[in-house]
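The sequence lines fix the lettering, A, B, ..., with proteins before strands; numbering per chain opens at 1. Computed from heavy atoms alone, side chains included, the values below leave out hydrogens, waters and symmetry copies. All values derive from a computational prediction rather than experimental measurement.
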Amino acid sequence: MNTIETLEQKEKKYTKEDFTSDQEVRWCPGCGDYSILAQMRRLLPELGVKKENVVFVSGIGCSSRFPYYMDTYGLHGIHGRAPALASGIKLANPDLTVFVITGDGDALSIGGNHFIHLCRRNIDVTVLLFNNRIYGLTKGQYSPTSERGKITKSSPYGSLEEPFNPVKMALAAGATFVARSMDRDPKHLEATLLEAARHKGTSFVEIYQNCNIFNDGAFEKYTNIKTRFDNVVYLKNEQEYRFGRENDKHLFWDGHRFRVEEWKATEEPLTHNTDNLPVSMEFALAELSELEDFPVPVGVFRKRQAETYDALLTKQIEEVKKSKGQGDLQKLLESGNTWHVD
Amino acid sequence: MNTIETLEQKEKKYTKEDFTSDQEVRWCPGCGDYSILAQMRRLLPELGVKKENVVFVSGIGCSSRFPYYMDTYGLHGIHGRAPALASGIKLANPDLTVFVITGDGDALSIGGNHFIHLCRRNIDVTVLLFNNRIYGLTKGQYSPTSERGKITKSSPYGSLEEPFNPVKMALAAGATFVARSMDRDPKHLEATLLEAARHKGTSFVEIYQNCNIFNDGAFEKYTNIKTRFDNVVYLKNEQEYRFGRENDKHLFWDGHRFRVEEWKATEEPLTHNTDNLPVSMEFALAELSELEDFPVPVGVFRKRQAETYDALLTKQIEEVKKSKGQGDLQKLLESGNTWHVD
Amino acid sequence: MSQSTHLDQVTIRFAGDSGDGMQLTGTQFTNTTAMVGNDLSTLPDYPAEIRAPAGTLFGVSGFQLQFSSHEIHTPGDQVDVLVAMNPAALKVNLQHLRDNGIIIANADAFSLRNLKLAGYEQNPLEDGSLEGFQLFSVPITRLTREALVEVAISSKDKDRSKNFFALGITYWMFSRPLEVTLKWIEEKFAGKPELIEANKKALNAGYSYALATEVFTTTYTVEKAKTTPGKYRKITGNEAVSLGLIVAAEKAGRPLFLGGYPITPASDILHNLAKYRHYDVKTFQAEDEIAGVGSAIGASYSGALGVTASSGPGIALKSEFIGYAVMTEIPLVVINVQRGGPSTGLPTKTEQADLFQAFYGRNGEAPLPIVAAKSPADCFQTALEAAHMAIKFATPVFLLTDGYLANGAEPWLIPDVADIPEIKEPLAVSGKEYLPYKRDPKTLARTMAVPGTEGLEHRLGGLEKEDLTGNVSYDPENHHNMVRLRQKKVEKVAGFIPPPDFSGEEQGVLLIVSWGSTFGTVFSAVEEARKQGRQVSWIHLRWINPLPEMLGKLIHNFKHVLVPEINAGQLVKIIRAEYLVDARGFDRVRGLPLQTHELVEEISSYFEE
Amino acid sequence: MSQSTHLDQVTIRFAGDSGDGMQLTGTQFTNTTAMVGNDLSTLPDYPAEIRAPAGTLFGVSGFQLQFSSHEIHTPGDQVDVLVAMNPAALKVNLQHLRDNGIIIANADAFSLRNLKLAGYEQNPLEDGSLEGFQLFSVPITRLTREALVEVAISSKDKDRSKNFFALGITYWMFSRPLEVTLKWIEEKFAGKPELIEANKKALNAGYSYALATEVFTTTYTVEKAKTTPGKYRKITGNEAVSLGLIVAAEKAGRPLFLGGYPITPASDILHNLAKYRHYDVKTFQAEDEIAGVGSAIGASYSGALGVTASSGPGIALKSEFIGYAVMTEIPLVVINVQRGGPSTGLPTKTEQADLFQAFYGRNGEAPLPIVAAKSPADCFQTALEAAHMAIKFATPVFLLTDGYLANGAEPWLIPDVADIPEIKEPLAVSGKEYLPYKRDPKTLARTMAVPGTEGLEHRLGGLEKEDLTGNVSYDPENHHNMVRLRQKKVEKVAGFIPPPDFSGEEQGVLLIVSWGSTFGTVFSAVEEARKQGRQVSWIHLRWINPLPEMLGKLIHNFKHVLVPEINAGQLVKIIRAEYLVDARGFDRVRGLPLQTHELVEEISSYFEE
Ligand SMILES: Cc1ncc(C[n+]2csc(CCOP(=O)(O)OP(=O)(O)O)c2C)c(N)n1
Ligand SMILES: Cc1ncc(C[n+]2csc(CCOP(=O)(O)OP(=O)(O)O)c2C)c(N)n1
Ligand code: SF4
Ligand code: SF4
Ligand SMILES: [Mg+2]
Ligand SMILES: [Mg+2]
């Protein structure tokens, strides 16, 4: 049962200024984080929750300074542990709308375990992963999403490891909402974040975010007007996987793999289905971002309804109360064998 | 370059007694761990490596006492951190054959992050996850592989969370060898472990292991002679997905999902391919263990050749030496601007 | 015919294989003993292995209990009666048995195989090596089987009942009623009538055997202890902590949230609390200790009473987050059920070696209040106080217990809930100006505003905070000031906690300063020493940080200061640094409670100069 | 015409926006100053934000440097020359400028917008508020643009060169040659000829401007410092640690393995070491600090020199594993580059508040040796010693440095590698009987056998070990014994380390006891106090655990003991507990080095009784 008093009931309309705190924003000029902040401030009035019921929780990293800039409740945590804080916040008070703001290092390096457990538990929080494929705050070391061979301060001869695919990890761990968006596609970003925030359960959004200081241009291919159409396929529910400058290509499913083909209308078009895509296609879609010669899927991969941990906990408490009655302290202390001394 | 002096060169043949340490085995009578220990002692003579080059590393848990019982080098680590120790051991001395012994709590609860990063890096170690779907050593709490609703000491009204699927996690994280076996199928277990140990790269084997004290019968369905044939499908390379008491059923691929059907020979039979299964089928296969009405796949899911982290590191060192020459200490100290004071 | 002897106090130890049900047997004896009104104190002592192979020395599980007609606080140094269910149990425990002590041995278990496993060359029941003791060699297995001949269960299951036979013998021996255990058997095995029958029969059979045969000649009676009138129950430390937390939360009007991860010997706190959903208790078994404490901080931040419980290695993992709670000034109770260290150490043994970790196990200057329970029942009160101070001062508070307190039991005078004061620490409310780091001048605590409170939106984090506003500040003077303020806040706790236990003269030759679970031993040793005419004074600290104000004056009035601890000397270092007195430690780090007689000797040495 | 003045020592501070290249400018000035033979000491001081918005107060980045014709050890309390590239830089730093000090300000940056951002109501360059100083208001941006008029780069890029213009002015002012920086520009911008041209031109233009115009009337010269003859280089603490480790590993015949995770201000150790693959250095950027230390322990276990480096919050996470290394007795060097705490604290600032964490930040009794570097160059020697003791005693060793040492620089007399002794600590070899926990009676260290050694297969772990065999043991007396042995082993380290620095009389009114990076300040303060006639003695500890034996005697010969620390009093507590002297702390926890003049005053107060 959700007892949030919605805005409608309260008849008050927020603007983005209502969500702007008095703290100066401290990111490098040109950083992709600004766009994400702007979209968040824009969508919250749409979301229809009272601002005092909103909590932003973060770890440590450039991205994790985000809560300071939102005029809501906020907790700038410690490195990698935002999901732990967020879990406690949401479970202690299920009426709150909780966002987790994290970076690729924060969520997938030191915080990888908390991240996958959060997804598994399906606690109703929304996770925004600012993926700039680099450690920004510590001045540019490769991260678990950096491409192999990356030359950074800590890998002067090239990194030796394959990156994680965050979408794949979230899918495998069981997140019920999984999406990808980009700092430089503000409309899509805003819509995706809004959809994520509205979803009940753990919502995960990977956001391609440009760090113009330490990893400039990492997503240029997908954001540059010249190349983006050929390199991005937008996932839209119940629509085909069409892309290309002229919308002239699509992803064809050969029963095992996707292939890029010229688009032809068919009688039984292959359409995207966020609610019920078979696991085979989910992971095949997720894999595309790792492959050469394929567009990167942007949009919602999965959106499944499932009971949330917080709702189940509330339910369990109610059930136990129903069967045992509301606890009585004195009885509790006197449980077990007792005896009297006179 | 692998400089292990193999047994053949040394012309000495081990028996399982050579791998049996003088420590009394301290598991509960009837525990599934005994079988895994026995298979390990049996296969090592087959593996053809010198026993002084073998290191068993573990975390904490019943299963993690394993190293004490092997007459090789061994490190009983701390909870969840065996992959970290193992990574250091293997990277410092790539000639060693390193096994990680871990439990479902050890590997997937506290140690989840190290586990997925080990898989991602493809460091050449072999991970045996003793999955008894319970915390044994701490006397029976639900684990990240326990089924939802499980009643244990720490969940007297039933646990609220979906379990992890260890095979799915290993696949998503990028392990190059992924398999499943069972304590009660000793032959299969021995063969699988041997194959895992021989694989170059991170090899992961989930072993269904019965904890007869705190979670007895968790895998009964798959191990009991009466039910196992209908509930287990063995994955064999280049063979069909056939199962059933009369070998009368198989898994049919409908282009998106597996279905169980009566077996019929076809001209183009669907066969398993550990080396190159499309990601779609890998995950569809992995998912079967979560579904009702499907057999659980046992055997090798994936076996891919890929450069290991340890080999790449060795190569990088050699390359840097080639281009810069073996380092000279005095030069090192004198690098940068220097000046003389007379 | 048997004769009856009055005794003042008795120590009995049940010992057998891990699978022999010795913890259960000891617990039953304890429950019955509590019901008949003796004072008592228990010491379960079990191996780290779940169920080690039968018959081995390391598989021996023991349960020791002292009961008495007067106030006691230790499970006893030396054992009067040893129940040994197999050779290994005898071998391991004989060293604890007093001269002429009683051995009740299960003769059937002294097979060749078992003797060998225990490392006996000959059967000690037969070779005369036990001459200095009163040996009762009873074929318990066989007699149990005979008693259960008509019960329709497997013979393996029958053999499982033999501990009840042994229990029956001891019930006769100490004139105990059977009812408590009979009732327990019915409840425990509800739905399994054969097992009820079997265990009841075995218990009765043991009792009757002892009554009927000529083997045992004496029964013993231990009078009721004279204690405060009221309603009592038996309680272990982990139970008491759990109850204390539930009461604290209700008294504070905040839901209780435990973020935990299993670890011996703290897991039972999680297990206990998980039962109380109908008390609005939320337990969260996290993926590790870091997530456990993190979720507790998150819960506290949003208005619950956030608690986390663990033992040394788990506490080590929590240390970064505890520092975060110091910086953000969020209430948090951190319970460390100490066990033998360092590292994994001796997981099932007791120790007091994590005091320094509680004081200093964080980066930077991160002071916090520390309280330690002195007995199993005191865990209730200390948990209450810890929670109270955590909320009142918006700070993490360490509650130190240990393996001995956690699993040990004693009678507890059940308090009247109505008498326990409310914990009235208001949260900030809408409509007023809110400065997150404005402090109450009396406590230096800040007032929290929790999410959901309109108009008080604000941001917190682990970076240094500006005074008053709580905004991020790198200002040098502000930092210096905040370091001081956080320190002073902890010092202010001194004004809100009960004074420590003190007994004896306010000056003299020797002052003993103790803390935590050594209370029982020190109590007995001081009592004993005083009987011997030593004028020894004793202060027992419950709150260790801040130290009680009176200690500063007191401590200089003594020629010697002795600090007994189950570590290599931790409180003693703090005392020395604080008061510059040449305090000496008395340390035995054996994974066990200190022994009363050793401490008595040590005390005496100060008077023999 | 300008006149030339001789000075003994000068403190200069470059300050500007994070994007203004002040760290680079300061470093260039430092390199040139080192080359001309002055002694010097630096203090980079930059914000936690990567590149804060231009013009803001919190975005100001500073680099301070003191250089001198005699031995110095601090970057200076008060600044003689302040280069302020914008109003915010002026605002933040003016407090440090001495009366009548020189300001070189970029007048072009004092726009209305920037003034507002810095919180100035009026332009301080014009409103007379800087009257007590020598103000040189130079239109640096415009002059730079003019100088680069013909260079084919964007005007944004041209503006980037303005720091070189400013540097040029200071080079003229202090009679420095341009060559070092000109050469550096060529190397740094190799392949980008326009940038080479631009920056060179800007540097020359600044120099010429100062030379040509009448604005500056005085140049200053600071004579070469008289120091030990030899080959020198400039070195920061993080560089010195890295080199020390590489040398130690080679001297020990073991490959170097660093398991790390980036964290300010320790990351540069990882970055530095990652460059040296051709020295057989393996660096492993782990997924977190726990994996970092775990991999280092694993590497040590298999025969490497395992090292991990972090700062406070990361060290907190490593604490469980460090305890494991204590128990398994595996060599490990743990470097803590301390920063402001608690929690995330002040990441880019310096502090000494993790000493207690090094001593006690683990569960159980887990003693280990601790050494602290006293200056950037001393990081080399301490790293060597830490590695040596880690290997010799098969133990984790803490090496404490801090943010100030890590980034600060000083001249370093480069040692001759051949003069550095080998670290000869043999591993166990095949063919002999091997008991993993048999100890060398001189050191109490065990001998390690590494995987790959035939016949010495054995198992280690975090459970308590049996003496000699290393098998798991829960035996009470064995545990007590092992706790003592581990403690004694650490004490034995005292016999193998160099004595601490001591100066002054062996008795008197005041003994100063210091450790770590306060060395420089204490050096200056003691020098100053002695000049004022105070007979003060001073001992500086490098090894803090074990404490030097001589300290016990020495410390009682003084009426007062003063312990200056950048924390709330940590070593002072240890000293008090150990020696029972009423040692007092002198603590300023500001995220900055202590100030010499404050300490001088404090010292004086002890002589004015
Ligand atoms: C325990 C701990 N370890 C390390 C750090 C240092 N640290 C801070 S942020 C960060 C990584 C940041 O990368 P990412 O999460 O990708 O965030 P970004 O800055 O790129 O937004 C690291 C290593 C820390 N603050 N705490
Ligand atoms: C840091 C830390 N936390 C918790 C524990 C307690 N602990 C030991 S083993 C274990 C879980 C064991 O479960 P699993 O890994 O599944 O192994 P099993 O015993 O089932 O083989 C726990 C929680 C510990 N030893 N250290
Ligand atoms: S360093 Fe990169 S991620 Fe961080 S604020 Fe600057 S541009 Fe953004
Ligand atoms: S508790 Fe379970 S897993 Fe552990 S040893 Fe016993 S049977 Fe095996
Ligand atoms: Mg990043
Ligand atoms: Mg398990």
Rounded distance [0.5 Å steps], [atom1] in [X] versus [atom2] in [Y]:
X: Leu75(A); Y: Ile330(C); atom1: CG; atom2: CD1; answer: 5.5 Å
X: Ile420(C); Y: Leu329(A); atom1: CD1; atom2: CG; answer: 8.0 Å
X: His114(A); Y: Ser295(C); atom1: NE2; atom2: OG; answer: 10.5 Å

Test your reading of the model: is there a side-chain donor-acceptor pair from [X] to the backbone of [Y], 3.5 Å cut-off?
X: Arg81(A); Y: Gly294(C); result: no
X: Arg459(C); Y: Ser21(A); result: no
X: Glu457(C); Y: Val55(A); result: no
X: Lys321(A); Y: Arg277(C); result: no

Do [X] and [Y] come close enough that some side-chain heavy atom pair is under 4.5 Å?
X: His340(A); Y: Pro229(C); result: no
X: Leu456(C); Y: Glu52(A); result: no
X: Trp339(A); Y: Val36(C); result: no
X: Glu454(C); Y: Asn53(A); result: no

Please classify the contact of [X] with chain A as side chain, backbone, both or neither, using a heavy-atom distance under 4.5 Å.
X: Ile235(C); result: neither
X: Ile414(C); result: side chain
X: Ser430(C); result: neither
X: Trp412(C); result: side chain
X: Phe321(C); result: both
X: Ala34(C); result: both

(message) Which residue is it: Asn337(A), Thr338(A), Val341(A)? I am looking for the one with a side chain to side chain contact (heavy atoms under 4.5 Å, CB included) to Tyr232(C).
(response)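 Among Asn337(A), Thr338(A), Val341(A), the one meeting side chain to side chain contact (heavy atoms under 4.5 Å, CB included) with Tyr232(C) is Val341(A).
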(message) Just to verify, which of Ser302(C), Pro451(C), Pro255(C) counts as forming a side chain to side chain contact (heavy atoms under 4.5 Å, CB included) with Asn93(A)?
(response)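 Running side chain to side chain contact (heavy atoms under 4.5 Å, CB included) over Ser302(C), Pro451(C), Pro255(C) with Asn93(A) returns exactly one hit, Ser302(C).
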(request) Anything under 30° is parallel, anything over 60° is perpendicular, the rest tilted; go ahead and classify Tyr301(C) against Tyr73(A). (result)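 Perpendicular: the ring planes of Tyr301(C) and Tyr73(A) meet at over 60°.
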Between [options], who has the most heavy-atom pairs with chain A when the cutoff is under 4.5 Å?
options: Lys226(C), Lys234(C), Glu320(C), Lys224(C); value: Glu320(C)
options: Thr227(C), Ile246(C), Val180(C), Asp280(C); value: Asp280(C)
options: Leu243(C), Leu460(C), Val472(C); value: Leu460(C)
options: Gly452(C), Ala304(C), Ala291(C), Gly306(C); value: Gly452(C)
options: Asp288(C), Val293(C), Val281(C); value: Asp288(C)

At their closest point, which heavy atom of [X] faces which heavy atom of [Y], and how far apart are they?
X: Leu332(A); Y: Tyr276(C); value: CD1-CE2, 3.2 Å
X: Gly461(C); Y: Tyr68(A); value: CA-OH, 3.9 Å
X: Gly325(A); Y: His278(C); value: O-CB, 3.3 Å

(request) List for me each residue that meets side chain to side chain contact (heavy atoms under 4.5 Å, CB included) alongside Thr469(C), sequence neighbours excluded, and say none if there are none. (result)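 Scan of Thr469(C) (side chain to side chain contact (heavy atoms under 4.5 Å, CB included), adjacent residues dropped) gives Leu435(C), Glu466(C), Asn471(C).
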With only heavy atoms counted, which part of [X] is less than 4.5 Å from chain C, the side chain, the backbone, both or neither?
X: Phe56(A); answer: neither
X: Ser58(A); answer: neither
X: Leu313(A); answer: side chain

(message) Let's test your reading of the structure: which of Glu319(A), Arg120(A), Gln23(A) forms the most heavy-atom pairs below 4.5 Å with chain C?
(response)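 Option with the greatest count: Gln23(A).
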(request) Sort out for me which of Asp342(A), Ile78(A), Asp328(A), Ile317(A) touches chain C most, counting heavy-atom pairs under 4.5 Å. (result)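 Max contact count across the listed options: Ile78(A).
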(message) Assess whether a salt bridge exists between Glu334(A) and Lys231(C), defined as any Lys/Arg side-chain N lying under 4.0 Å from an Asp/Glu carboxylate O.
(response)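 Looking at Glu334(A) and Lys231(C), the cut-off is met.
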(message) Using a strict threshold of under 4.0 Å (side-chain N to carboxylate O), is an ion pair present between Arg121(A) and Glu287(C)?
(response)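 Salt bridge present between Glu287(C) and Arg121(A).
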